[in-house]
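Beneath this line is the structure, given in structure tokens, with notes to follow.
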Amino acid sequence: MNTNPDNSLKYLVEAGGALNGSIEVPGDKSMSHRSVMFGAMATGVTEVAGFLEGEDALHTLQAFEQMGVVIERPGQGQLIVHGNGVDALRAPQQAIYHGNAGTGMRLLAGVLAGLRINATLTGDESLTRRPMTRIVEPLKQMGANITTAEKGTPPLTLLGGDQLTAIEYTTPMASAQVKSCILLAGLHAKGRTVVHEPDVTRDHTERMLRGFGVDVHSSGLTVQMDGGQKLQATSLHVPGDISSAAFFIVGAAMMPGSSLTINNVGLNPTRRGVVDILRLMGADITENNARESGGEPVADLHINGVQLKGIDVPESLVSLAIDEFPALFVAAASAEGTTVVTGAEELRVKETDRIQVMTDGLRKLGVDITDTPDGARIVGGDIQGGEVDSAGDHRTAMSFAMAALLAKGTISILDCDNVATSFPNFVALASGAGLRITEA
Ligand code: S3P
């Protein structure tokens, strides 16, 4: 996190251009966190390919190194994790720093909750504002000794204690992080852990745990798992992150003259909402060469640019595209007609309040947008040039950059350093595909 806003990275994106050619985006962030965690918890040597070498996942990797796990990095995106089982994890000498990563902190809290070690988990300014009561509450019900700062925010302090007891828990919000935290704590709890969710959320934890030999049962909105199961090392290939591909999918889909192929994109049914929402808006997206990789569906996407249409986004698709709404707001601004997003209040507790940041920024670019507690109403039309503030959020920064394709003037975007949390080579890849972007 850049602590000096005057020095923070700025993007200058000239108006116009189109996205063309063939690209591949970096590895999936959710899966990268889990691959290093599960490899470290397992017994044996886990080999990972396609690991995202972005700051968020690297903080998770460093957390396990701090706890004594040996992790080799023989090449770009490659890890060799020497796991000795969770009981071999050593108490970290210093606080574990998760940077900007809510996933790292919330999932690690689940891993550590049932162990006999003490640990403090901290993060950057953004993470220090994010709600942790959502995981602390169920972990306490399981018997964990865990505390937060006064407002239920980080740092988290865990004191190793008695064995946890499994719970049956209904999460109050659709959150894969909360579900995953409870399941990971459930691995060392006595009894069967059951989690019910209000809506479908990403199921990478369940899929990947199965790859590590754990018996996890999913049925509808319920997941169940017996405690006491051990992870066995495995090898896996992390596919390209659909959340990173989303900026390019939106950019190409909304910009006539674009014809872009994105190879090796993870298309897990719990993550593909952005493709389905864009198709409802009239986007021309084809999925080719569908296959499986690392227990996850993968395909190559081809996108041809068209004039999109505004829609009422079905609430059933919201949790399947939760990280893609900043980009979808830009698609809506380009569309003919009005787009209405509802049921997306979780956007307010991401790395920033994404509804607010996108509303403020798009309004500065002349877009007719009204925010609501759980979404926004966006009237498509012209996008002007101007200066917008990403507020240090990687996804808002990259979304505003794509808006320049259709803008009438240059868009400058403030506070873009955190793009490195999820997409280290964004500027090079985007400019290679035709976005007129430079760093300043
Ligand atoms: C994630 C789950 C989502 C998502 C985040 C990654 C994960 O958060 O927004 O970027 O890897 O489990 P919530 O589960 O809190 O919605």
Side-chain angles (χ1 to χ4, degrees), residues 26-38 51-52 54-57 59-60 98-111 123 126-127 129-138 152-154 169 171-185 195 197-209 221 223 238-239 241-247 266 268 270-274 294 296 315 317-328 343-355 357 374 393-396 398-399 418-419 421-423:
D28 188 275
K29 182 152 74 76
S30 292
M31 289 183 68
S32 293
H33 281 296
R34 288 160 173 84
S35 69
V36 70
M37 278 184 189
F38 299 174
F51 181 79
L52 167 66
E55 289 170 6
D56 276 13
H59 283 304
T60 295
H98 288 283
N100 202 236
T103 307
M105 180 177 284
R106 292 193 178 115
L107 269 58
L108 189 67
V111 174
S126 152
L127 184 51
R129 285 194 305 264
R130 296 182 67 186
M132 292 297 145
T133 310
R134 53 180 61 198
I135 58 159
V136 167
E137 195 50 47
T153 51
Y169 192 77
T171 59
M173 71 293 291
S175 167
Q177 294 180 358
V178 176
K179 170 179 66 178
S180 302
C181 172
I182 299 167
L183 290 175
L184 293 172
V195 182
E197 295 195 278
D199 247 315
V200 180
T201 64
R202 66 192 66 195
D203 64 355
H204 302 299
T205 296
E206 298 90 305
R207 284 174 186 255
M208 205 183 285
L209 280 177
L221 295 171
V223 192
V238 177
D241 195 330
I242 189 167
S243 297
S244 297
F247 308 106
N268 180 313
T270 61
R271 295 283 300 283
R272 50 167 298 130
V274 62
E296 299 269 347
E315 287 197 9
L317 293 178
V318 167
S319 64
L320 311 183
I322 195 67
D323 288 343
E324 287 64 73
F325 277 95
L328 286 168
E345 59 278 357
E346 277 293 301
L347 292 175
R348 295 205 179 268
V349 289
K350 296 296 179 188
E351 285 82 328
T352 52
D353 176 342
R354 289 182 172 157
I355 294 176
V357 173
D374 65 341
D393 185 324
H394 56 138
R395 301 206 192 281
T396 59
M398 292 183 273
S399 301
N418 279 333
V419 168
T421 61
S422 68
F423 206 148

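Just so we're clear, the structure is a prediction, and the values are computed from it rather than from any experiment. Whatever order the structure lists them in is the order used to number ligands and atoms, beginning at 1.
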Per-pair distances, ligand 1 N/O vs protein N/O, less than 3.5 Å:
| residue | atom | partner | partner atom | Å |
| --- | --- | --- | --- | --- |
| ligand 1 | 8 (O) | Gln177 | NE2 | 3.4 |
| ligand 1 | 8 (O) | Lys350 | NZ | 3.1 |
| ligand 1 | 9 (O) | Asp323 | OD1 | 2.6 |
| ligand 1 | 9 (O) | Asp323 | OD2 | 3.3 |
| ligand 1 | 9 (O) | Lys350 | NZ | 2.7 |
| ligand 1 | 10 (O) | Asp323 | OD2 | 2.7 |
| ligand 1 | 11 (O) | Ser30 | OG | 2.7 |
| ligand 1 | 11 (O) | Arg34 | NH1 | 2.8 |
| ligand 1 | 12 (O) | Arg34 | NH2 | 2.7 |
| ligand 1 | 14 (O) | Ser175 | OG | 3.0 |
| ligand 1 | 14 (O) | Ala176 | N | 2.7 |
| ligand 1 | 14 (O) | Gln177 | N | 2.8 |
| ligand 1 | 15 (O) | Ser175 | OG | 3.1 |
| ligand 1 | 16 (O) | Lys350 | NZ | 2.9 |

| query | Who pairs with Asp353 by salt bridge (Lys or Arg N to Asp or Glu O under 4.0 Å), at least two apart in sequence or on another chain? | reply | Arg348
| Do Lys179 and Glu197 sit within salt-bridge range, that is, some charged N less than 4.0 Å from a carboxylate O? | yes
| query | Is a side-chain donor-acceptor pair under 3.5 Å present for Thr153 with Arg129? | reply | no
| query | With sequence neighbours left out, what residues match His394 under ring pair (Phe, Tyr, Trp, His ring centres under 6.0 Å)? | reply | none
| message | If the threshold is 4.0 Å, N to carboxylate O, is there a salt bridge linking Arg134 and Glu346? | response | yes
| query | Of all residues at least two apart in sequence or in a different chain, which pass the salt bridge (Lys or Arg N to Asp or Glu O under 4.0 Å) check with Glu296? | reply | none
